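Each chain gets a letter, A, B and so on, in the order its sequence line appears, and its residues count up from 1. Model, not experiment: these values are computed from the prediction.
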Number of protein chains: 2
Amino acid sequence: MQMTPSSLAGLQQVPQLVPADPSASGGKAAPPSKMKKPSVDKDSEEYRQRRERNNLAVKKSRMRSKQKAMDTQQRVNELKEENERLEAKIKLLSKELSVLKDLFLEHAHNLADNVQPPADAASPAPAQ
Amino acid sequence: MQMTPSSLAGLQQVPQLVPADPSASGGKAAPPSKMKKPSVDKDSEEYRQRRERNNLAVKKSRMRSKQKAMDTQQRVNELKEENERLEAKIKLLSKELSVLKDLFLEHAHNLADNVQPPADAASPAPAQ
DNA sequence: TAGGATTGCGCAATAC
DNA sequence: AGTATTGCGCAATCCT
């Protein structure tokens, strides 16, 4: 996508300012010869300024909106990375813990088998 | 936001179909009396159908877009929660590991110093 | 009351 | 040939 800027610069949009007749269920509504006079002067200097300011505000708002969306997407990516990092860390810690626990168990067994008196609090009941 | 459905139902937008004169840098461009004949019949049955289908497609596309944005935001929230969960787990594992390591160190010291184990893990180093 | 910010909507160009 | 996206302007609202 890239929206080549052809004659896109500015298209005259001339809304009739009249709510198109609601009877248009499936009808085409051929332009009735009676053109309702707009209650607002499109030629008014003030009108044009108002429109222009709004168009600017709209553009600004939309840009922000898009930026926000991109930021949010970025945030997702960052969080996913962080997540993986944390998972890895957990895996590592779990492994370390597992090793140490095994050592303890082994030690405990040795104590039990050698009839050595329990040297520390981590000893399970020698019998059973 | 809610866009109260006032007379919003359908506003006749009657673009002039002529790329507004490019000279409109800051100009107001008062409607020149010469109205270029649109090369496309706005009254054409086929035109209206085309427009209507496109309007539908547009609405659909925008809905998807918004939905996607919301989903992404939701994803962020989920990931943030998940991360907190993981952080907590890491904290816990680290603590466990720390305790076990201390026990090991203490034991090693006891062996090295050939000291009688105090039968309790909370014993300070006998020497210094 | 004024004025910017948002949002629904339709159009047209263009991407697919 | 047809749908999907996207930039744009308008007008109604919202929100200060």
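- Counting only heavy atoms from C-beta outward, the side chains of A:M70 and A:Q74 never approach each other to under 4.5 Å.
- Between B:K60 and D:dT3 there is no side-chain N or O to OP1 or OP2 distance below 4.0 Å.
- Atom CG in A:N55 sits roughly 13 Å away from atom P in C:dA5 (whole-Å rounding).
- Taking side-chain N and O atoms only, B:K59 has no distance below 4.0 Å to OP1 or OP2 of D:dT3.
- Distances shorter than 4.0 Å separate none of the side-chain N or O atoms of B:N54 from OP1 or OP2 on C:dC11.
- Contact annotation: B:Y47 side-chain N/O to C:dG10 OP1/OP2 distance is not under 4.0 Å.
- To the nearest angstrom, C1' of D:dT6 lies 13 Å from NZ of B:K68.
- In this structure, A:E106 and A:N110 have side chains that are in contact, with non-hydrogen atoms separated by less than 4.5 Å.
- Looking at heavy atoms from C-beta onward, A:K42 lies out of side-chain contact with A:R51 at the 4.5 angstrom threshold.
- Nearer to the 5' terminus of DNA chain D, by closest-nucleotide assignment, is the contact made by B:E46 (compared with the other of B:E46 and A:V58).
- Between B:R64 and D:dT5 there is a side-chain polar atom (N or O) within less than 4.0 angstrom of OP1 or OP2.
- Close to C:dG10, at under 4.0 Å from its OP1 or OP2, lies no side-chain N or O of B:K42.
- Between A:D41 atom CG and D:dC10 atom P the separation is 15 Å, expressed in whole Å.
- The distance from atom CD of A:E52 to atom C1' of C:dG3 is 15 Å, rounded to the nearest whole Å.
- Partners of A:E82 by side-chain hydrogen bond (donor to acceptor under 3.5 Å, both in side chains), not counting sequence neighbours, listed by chain and number: A:R85.
- Proximity of A:R51 to the phosphate of D:dC10: a side-chain N or O atom is located under 4.0 Å from OP1 or OP2.
- Rounded to a whole Å, the CE atom of B:M63 is 12 Å from the P atom of D:dA4.
- Residue pairs meeting the salt bridge (Lys or Arg N to Asp or Glu O under 4.0 Å) criterion with at least one member in residues 63-80 of chain B, sequence neighbours excluded: B:R75-B:E78.
- The distance between atom CZ of A:R50 and atom P of D:dT13, rounded to the nearest whole Å, is 15 Å.
- Between the NZ atom of B:K66 and the P atom of D:dA4 there is a distance of 17 Å, rounded to whole Å.
- Taking side-chain N and O atoms only, A:R62 has no distance below 4.0 Å to OP1 or OP2 of D:dC8.
- When the side-chain nitrogen and oxygen atoms of B:S61 are compared with OP1 and OP2 of D:dA4, none of them lie within a distance under 4.0 Å.
- B:L56 has its CG atom 10 Å from the P atom of D:dT3, to the nearest Å.
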